[in-house]
> 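Can you keep this structure in mind? I'll have questions shortly.
Fair warning: this is a prediction, and the values are worked out from it, not measured in the lab. We count residues from 1, following the sequence as given.
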Amino acid sequence: MTIKETIEALREELRKHNYDYYVLDHATISDYEFDKKLKELQELEAKHPEFFDSNSPTQRVGGEVTKNFETIVHEYRMYSLDNSYSKEDLQDWETRIKKLVDGDIQYTCELKYDGASISLTYEHGELARAVTRGDGFQGDDVTANIRTIKSVPLQLKGSDYPEKFDIRGEIILPFDGFNKMNQERIEMGEEPYRNPRNTASGSLKLQDSAEVAKRPLECFLYNITGTNLKIQTQIESLEKARAWGFKVPQVEKLAHSIEAVLEFVAYWDEKRHDLPYETDGVVIKVNNLYQQEELGYTSKAPRWAMAYKFKAEQVSTRLNSISYQVGRTGAITPVANLEPVELAGTTVKRASLHNADQIEKLDVRVGDDVYVEKGGEIIPKILGVDLSKRSETSQPTIYISKCPECGTELVRREGEAQHYCSNYNGCKPQIIGRIQHYISRKAMDIEGLGGETVALLVNEGLISNYSDLYELTKEAVIPLERMAEKSAENLIKGIELSKNIPFERVLFALGIRYVGETVAKKLAKHFKEINAIASATEEDMVNVDEIGVRIAESVGAFFSSEVNLHIIERLQQFGVQLELSEQQLQGQTNLLEGDIVVVSGVFEIVSRNELKKLIEDNGGKVSSSISSKTSYIVAGANMGPSKKEKANHLGISMLSENEFLQKVKFSN
Ligand code: AMP
Ligand code: ZN
């Protein structure tokens, strides 16, 4: 054997033992033997760096240190899941999807593993990249850390895998490993970790991958994504994933009805307490991948999947006091301060009371014993009061009428649940909150500047709105508490870099009430530059798809303020992007303005996603179901019979892929 062959044989052997032990949970070699062979391989690789392979089993021990995780745009967006809590919710879901697809629907039921989601990209059977979910559109490249997780295959088994695909899964920390880690921490005199889920997710962002290697993390896979996969169903994709060497827990079930889904839910609601890892529900997916494609996505989640949340744990504890927080939009949130209590692995001290109506409805009073519930990452919630324990002298809660921060009389507009402090320019938490929102990751993503520093900058009088950030100098911030020369430099650099952030994110960053990421994108795309938005009438705005009166009013109010206009003018002077770039404008036309288009079937020249993008880029609207409002259908091969019938019945015309591409003057 040549050296190269010896190295490869060792790698192959170690890979197999790894797989047996970590994926199949069945050891086929002693630890001692394994370590000996690993060491042998390490020595050979050290002597022959020309045969280096980042996916060699020796790389599992980590060692690579990452200072800044690179941001990677997901080729396929990572969506979240819609939630359901009852039989009725599931039945409603079934009714909705039956309107959109033809044929029988079968469902796969899987457990919802509670950890941190991850997207792995494989190319030619090798792990190429691992990226966190981030905001769903882009995440952090954590490949070096993921490589150390032994149940993640670095090289796939078999040969029938697609040349390139993404596979999604959850990084979790089983209870056993979690408890062991905590024991060690306690022995070292350190604070124990709170819960497995946060510890798993924190582990992904450790800078030293050797640290990650020491943590008993696992990776459970559940979704294969890509094009030309040659897979027909979700069940088949789970089986394929297993065959290629991924760890896929053997719990899924194919259900032929919602009743069968509910049986699976009921079974696991009990049995989950015996599992060695945390689950917070069941994920139900339409099994047929073709039907999945037909169903598509809403702006947040696939229509073809649904999470069913297990009932959260509850405890009762005393309500010590109620305090009122002022958010960045001036919204007041009442917060319950509780006698600390253990719940679902964490200590709960506070819970949201939402608004005045909620307090009235529950008739919560200070001194009451209240029932608290906590599920997943949701802030604990108060469910009700134990009236048997209420003292006779107890008094109903009177909601505040003035802003606790600035004393302004609160307003509550008709139809709104929340009270607001209207002192937009003078209420400290609003000023600070707005700037904190501006710099946040999904907005201007200013590195080197955190929420606490923003508060400090405002309190020291260095800034009073986000446009002031651009006038900050290193010299001005250095005197701040805990600000070193280097961090001051980074702060200024981060602010400077934010001038490259594209217009739609700047628009979101402005913090206009009701203008979230999606709305900001829509407005940016339609109006193309800030002045057009500022001068648009409410009517102009309502004519934009998905923009309602409430949003239009709020945008109108924002731009009618002299102060805001002045701030925007300053942003413009500093060079912040307040219009779409040349690149973004490319390919944008009004050719399909007013058209409501349904896409159905399988296409040859462009993918379904590209088709949808073409429709939107050319000013049309994509709709998922055929109705009398549909302008026409772009029909590919295999369009379902009942869809065809419906189209014929309503007299809606059908365009072939080619006809449509001609219409939008598409050329390859
Ligand atoms: P949520 O974060 O509540 O929107 O739920 C969506 C997340 O559930 C996904 O991003 C996944 O990380 C996670 N998840 C856990 N188990 C599964 C599963 N079997 N199928 C799909 N998603 C899952
Ligand atoms: Zn106020």
> Out of Ile105, Asp104, Leu254, which one pairs with Asn287 under the side chain to side chain contact (heavy atoms under 4.5 Å, CB included) rule?
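That would be Leu254; it is the only one of Ile105, Asp104, Leu254 passing the side chain to side chain contact (heavy atoms under 4.5 Å, CB included) with Asn287.
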> So, do Tyr297 and Tyr79 have ring centers that fall under 6.0 Å from each other?
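Centroid distance Tyr297-Tyr79: below 6.0 Å, so yes.
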> Whether Lys521 engages the ring of Phe137 as a cation-pi pair (distance to the six-membered ring centre under 6.0 angstrom, angle to the ring normal within 45°) should be assessed.
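Yes, Lys521 lies over the aromatic ring of Phe137.
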> So, taking the atom named CD in Glu110 and the one named CD1 in Ile235, what distance separates them when rounded to the nearest 0.5 Å?
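Separation between the atoms: 7.5 Å.
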> Less than 4.0 Å between a side-chain N and a carboxylate O, is that true for Glu211 and Lys214?
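Yes.
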> Using modelled atom types and a 3.5 Å cut-off, is there a donor and acceptor pairing between side-chain atoms of Ser84 and backbone atoms of Ser86?
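No, the answer is negative, given that no donor and acceptor are paired below the 3.5 Å cut-off.
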> What closest approach, in Å, do Arg215 and Ser203 show between heavy atoms, and which atom pair accounts for it?
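Scanning both residues, the minimum pair turns out to be NH1-OG, 2.7 Å.
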> Any non-hydrogen side-chain atom of Val622 less than 4.5 Å from a side-chain atom of Glu616?
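Yes, close enough: below the 4.5 Å cut-off.
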> Do NZ/NE/NH1/NH2 and the carboxylate oxygens of Lys247 and Asp25 come within less than 4.0 Å?
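Looking at Asp25 together with Lys247, the answer is yes, because their closest N to O distance falls below 4.0 Å.
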> Okay, side chain of Asn182, backbone of Tyr193: is any donor-acceptor separation there less than 3.5 Å?
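It does hold such a pair.
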> Is Lys381 atom NZ crowded by more than 12 heavy atoms from other residues, nucleotides or ligands, each under 6.0 Å away?
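No, not enclosed.
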> Taking the side chain as every heavy atom from C-beta outward, state whether Glu33 and His17 have any pair of such atoms under 4.5 Å apart.
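The answer is no; the side chains never approach within 4.5 Å.
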> Taking all heavy atoms of Leu41 and all of Pro57, pick out the closest pair and write down the distance.
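Result for this residue pair: CD2-CD, 4.3 Å.
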> Considering non-hydrogen atoms only, spot the tightest contact between Ala241 and Ile167 and give its length.
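Scanning both residues completely, I find the closest heavy atoms to be CB-CD1, 4.0 Å.
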> Do Ile633 and Val597 come within less than 4.5 Å of each other through their side chains, counting heavy atoms only?
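Side-chain contact under 4.5 Å: no.
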> Does the ring centre of Trp304 sit less than 6.0 Å away from the ring centre of Tyr107?
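Not close enough - the centres of the two rings lie 6.0 Å or further apart.
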> Taking Glu278 for its side chain and Pro174 for its backbone only, find out whether a donor-acceptor pair lies under 3.5 Å.
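Absent.
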> Pick from Thr143, Asp141, Val142: which one makes a side chain to side chain contact (heavy atoms under 4.5 Å, CB included) with Glu70?
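Among the candidates, only Asp141 passes.
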> Answer yes or no: is there a side-chain heavy-atom contact under 4.5 Å between Ile224 and Trp244?
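Yes, at least one pair of side-chain atoms sits under 4.5 Å.
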> Between Glu294 and Arg608 (salt bridge meaning N to carboxylate O under 4.0 Å), is one present in this structure?
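Salt bridge between Glu294 and Arg608, a charged N being under 4.0 Å from a carboxylate O: yes.
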> If we only count heavy atoms from C-beta on, is the Gln234 to Glu252 side-chain gap below 4.5 Å?
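A side-chain contact under 4.5 Å is absent here.
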> Can you check whether Val212's main-chain N or O pairs, donor with acceptor, with Ser209's side chain at less than 3.5 Å?
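Answer holds: no.
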> Between Glu45 and Thr58, is there a donor-acceptor pair closer than 3.5 Å when you use the side chain of the first and the backbone of the second?
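Answer holds: no.
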> Indicate the atoms forming the closest heavy-atom contact of Arg197 with Gly115, along with that distance.
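Taking Arg197 first and Gly115 second, the nearest heavy atoms are CG-O, 4.0 Å.
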> Out of curiosity, Glu170 CD to Asn223 CG, how far, rounded to the nearest 0.5 Å?
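If we round to the nearest 0.5 Å, Glu170:CD and Asn223:CG are 11.5 Å apart.
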> Walk me through it: do Leu238 and Thr108 pass the test side chain to side chain contact (heavy atoms under 4.5 Å, CB included)?
CA-CA 10 Å; Leu238 295 178; Thr108 48; 5.6 Å; no
> Are Glu75 and Thr225 side-chain neighbours, meaning at least one heavy-atom pair lies under 4.5 Å?
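No; the side chains remain at least 4.5 Å from each other.
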> Do other residues, nucleotides or ligands put more than 12 heavy atoms under 6.0 Å from the CG atom of Asn648?
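Check passes, neighbour count above 12.
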> May I ask you to say whether Lys16 pairs ionically with Asp20, meaning some side-chain N is under 4.0 Å from a carboxylate O?
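Looking at Asp20 together with Lys16, the answer is yes, because their closest N to O distance falls below 4.0 Å.
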> Show your working on side chain to side chain contact (heavy atoms under 4.5 Å, CB included) between Arg147 and Leu154 and close with a plain yes or no.
CA-CA 7 Å; Arg147 212 174 256 136; Leu154 301 181; 3.4 Å; yes
> Crowded around Asp176 CG? As in, over 12 foreign heavy atoms under 6.0 Å?
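12 or below, so no.
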> Tell me, do Leu204 and Asp140 make a side-chain contact under 4.5 Å, heavy atoms counted?
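No. Closest side-chain heavy atoms not under 4.5 Å.
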> Any carboxylate oxygen within less than 4.0 angstrom of a Lys/Arg side-chain nitrogen, looking at Arg15 and Glu12?
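Here Arg15 pairs with Glu12 in a salt bridge, since their nearest N and O are under 4.0 Å apart.
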> Hey, could you give me the CZ/CG distance between Phe666 and Leu611, rounded to the nearest 0.5 Å?
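The CZ atom of Phe666 sits 9.0 Å away from the CG atom of Leu611.
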> Check whether more than 12 heavy atoms from other residues, nucleotides or ligands sit under 6.0 Å from atom CD of Glu50, and answer yes or no.
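Yes, the 6.0 Å shell around CD holds more than 12 heavy atoms from other groups.
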> As an exercise, state the distance from CG of Asp445 to CZ of Arg505, rounded to the nearest 0.5 Å.
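Interatomic distance, Asp445 CG to Arg505 CZ, rounded to 0.5 Å: 5.5 Å.
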> Passes side chain to side chain contact (heavy atoms under 4.5 Å, CB included), Leu614 versus Leu661? Steps please.
CA-CA 9 Å; Leu614 280 172; Leu661 292 177; 3.7 Å; yes
> Do you know the tightest heavy-atom contact between Arg129 and Ile72?
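In terms of heavy atoms, the two residues are closest at CD-CD1, 3.9 Å.
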> Between Lys112 and Asp280, does at least one N-O distance fall below 4.0 Å, as a salt bridge requires?
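Looking at Lys112 and Asp280, the cut-off is met.
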> Heavy-atom count around Lys644 NZ within 6.0 Å, excluding the residue itself: above 12?
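Not more than 12 within 6.0 Å, no.
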> Is the backbone of Leu295 close enough, under 3.5 Å, to the side chain of Arg303 for a donor and an acceptor to pair up by distance?
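Yes, because the side chain of Arg303 sits within donor-acceptor range (under 3.5 Å) of the backbone of Leu295.
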> Which heavy-atom pair separates Gln155 from Glu126 by the least distance, and what is that distance?
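Shortest heavy-atom separation between Gln155 and Glu126 comes out as NE2-OE2, 3.8 Å.
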> Measure the spacing between CD1 of Ile652 and OG1 of Thr630 and express it to the nearest 0.5 Å.
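One gets 4.5 Å once the value is rounded to the nearest 0.5 Å.
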> When you measure from the side chain of His74 to the backbone of Thr132, do you find a donor-acceptor pair of N or O atoms at a distance under 3.5 Å?
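Between the backbone of Thr132 and the side chain of His74 there is a qualifying donor-acceptor contact (under 3.5 Å).
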> Using the ring pair (Phe, Tyr, Trp, His ring centres under 6.0 Å) definition, which of the options Tyr122, Tyr22, Tyr19, Phe220 pairs with Phe246?
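Single pass found, and it is Tyr122.
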> Any chance CZ of Phe34 has more than 12 other-residue heavy atoms, nucleotides or ligands included, within less than 6.0 Å?
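Check passes, neighbour count above 12.
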> For the NE2 atom on His273, are there more than 12 heavy atoms of other groups (residues, nucleotides or ligands in this structure) within a distance under 6.0 Å?
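Yes, the 6.0 Å shell around NE2 holds more than 12 heavy atoms from other groups.
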> Verify the distance criterion only: is there a donor paired with an acceptor across the side chains of Ser54 and Gln59 at less than 3.5 Å?
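Absent: no donor and acceptor within the cut-off.
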> So Lys164 and Thr121, do their side chains get closer than 4.5 Å, heavy atoms only?
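Result yes, sub-4.5 Å side-chain heavy-atom pair found.
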> Within the distance-only criterion (no hydrogens, no angle test), does the side chain of Thr6 pair as donor or acceptor with the backbone N or O of Thr2 below 3.5 angstrom?
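At least one qualifying donor-acceptor pair exists.
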> I'd like to know if the side chain of Gln106 and the backbone of Val286 have a donor-acceptor N/O pair within less than 3.5 Å.
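No: the side chain of Gln106 does not pair with the backbone of Val286.
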> Under a 3.5 Å distance rule, please check whether Ser151 uses its side chain to pair with a backbone N or O of Cys219 as donor and acceptor.
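Yes.
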> Check this for me: Glu645, atom CD, are more than 12 non-hydrogen atoms of other residues, nucleotides or ligands nearer than 6.0 Å?
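It does not: Glu645 CD has 12 such atoms or fewer within range.
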> Give a yes or no on whether a salt bridge exists between Lys240 and Glu236, defined as a side-chain N under 4.0 angstrom from a carboxylate O.
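Here Lys240 pairs with Glu236 in a salt bridge, since their nearest N and O are under 4.0 Å apart.
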> Decide side chain to side chain contact (heavy atoms under 4.5 Å, CB included) for Leu90 and Val261; before the verdict, give the C-alpha distance in whole Å, the side-chain angles of both, and the deciding distance to 0.1 Å.
CA-CA 9 Å; Leu90 286 179; Val261 169; 4.0 Å; yes
> Quick check for you: to the nearest 0.5 Å, what is the distance between Lys98 atom NZ and Gln291 atom CD?
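Going from the NZ atom of Lys98 to the CD atom of Gln291 covers 10.0 Å.
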> I want to know whether Trp268 and Tyr308 have ring centres closer than 6.0 Å.
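Centroid separation for Trp268 and Tyr308: 6.0 Å or greater.
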